[in-house]
Amino acid sequence: LLTAANDDLLPPGAAESLRTALRASRAQWEEKVIPGAHLRPGENAMIRQLLELSLDWIERQGWIGK
């Protein structure tokens, strides 16, 4: 779960509801808080960084190899 520290689009209660649901599920997950506001179109450097973080996590789960 990637969340923005200063998310200006997603209400805090919605994010907490998602965390609560994930904790109650059997899903494998972890949360990483990214500095700044909600991701916007055109933020290509941040999009690449988030994709890399996601792929690294998927690899650590053993779902894909390098």
Side-chain angles (χ1 to χ4, degrees):
L1 176 61
L2 299 169
T3 57
N6 300 311
D7 200 320
D8 54 336
L9 295 179
L10 186 66
E16 188 54 41
S17 293
L18 180 55
R19 285 183 206 96
T20 299
L22 285 168
R23 284 185 197 109
S25 77
R26 295 178 16 176
Q28 295 180 36
W29 70 284
E30 64 185 57
E31 183 172 15
K32 184 170 248 342
V33 179
I34 307 300
H38 198 98
L39 186 64
R40 299 290 197 281
E43 294 184 65
N44 295 338
M46 179 58 78
I47 291 168
R48 285 187 192 283
Q49 180 183 356
L50 297 177
L51 285 172
E52 287 298 320
L53 287 171
S54 298
L55 287 172
D56 288 345
W57 185 85
I58 290 168
E59 287 172 356
R60 286 195 316 272
Q61 303 313 305
W63 297 339
I64 62 171
K66 284 199 169 202

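Heads up: numbering here begins at 1 and tracks the sequence. Only heavy atoms go into these numbers, but all of them, side chains included; no hydrogens, no water, no symmetry mates. Source: prediction; values computed, not measured.
Sequence neighbours left out, the pairs with a member in residues 39-60 that pass ring-ring contact (aromatic ring centres under 6.0 Å, His included) are Trp57-Trp63. For residues 39-52, every residue pair satisfying the side chain to side chain donor-acceptor pair (under 3.5 Å) rule, not counting sequence neighbours, is listed here: Asp8-Arg40.
Residues that satisfy the side-chain hydrogen bond (donor to acceptor under 3.5 Å, both in side chains) test with Ser54, not counting sequence neighbours, are absent from this structure. Under the salt bridge (Lys or Arg N to Asp or Glu O under 4.0 Å) criterion, Arg60 pairs with Glu30, sequence neighbours left out. Listed by chain and number, the residues in a side-chain hydrogen bond (donor to acceptor under 3.5 Å, both in side chains) with Glu16 are Arg19, Arg23 (sequence neighbours excluded).
Considering all non-hydrogen atoms of both residues, Ala4 and Gly36 come closest at CB-O, 3.5 Å.
The structure places CG of Leu10 at 9.0 Å from OG1 of Thr3, a figure rounded to the nearest 0.5 Å. Taking CD from Gln61 and CD1 from Ile58, the interatomic distance works out to 8.5 Å, rounded to the nearest 0.5 Å.
Grouped by direct or indirect side-chain proximity (heavy atoms under 4.5 Å, Ile/Leu/Val/Met/Phe/Trp/Tyr only), Leu22 sits with Leu1, Leu18, Trp29. Under the 4.5 angstrom side-chain criterion for Ile, Leu, Val, Met, Phe, Trp and Tyr, the cluster partners of Met46 are Leu2, Ile34, Leu39, Ile47, Leu50, Leu51, Leu53.
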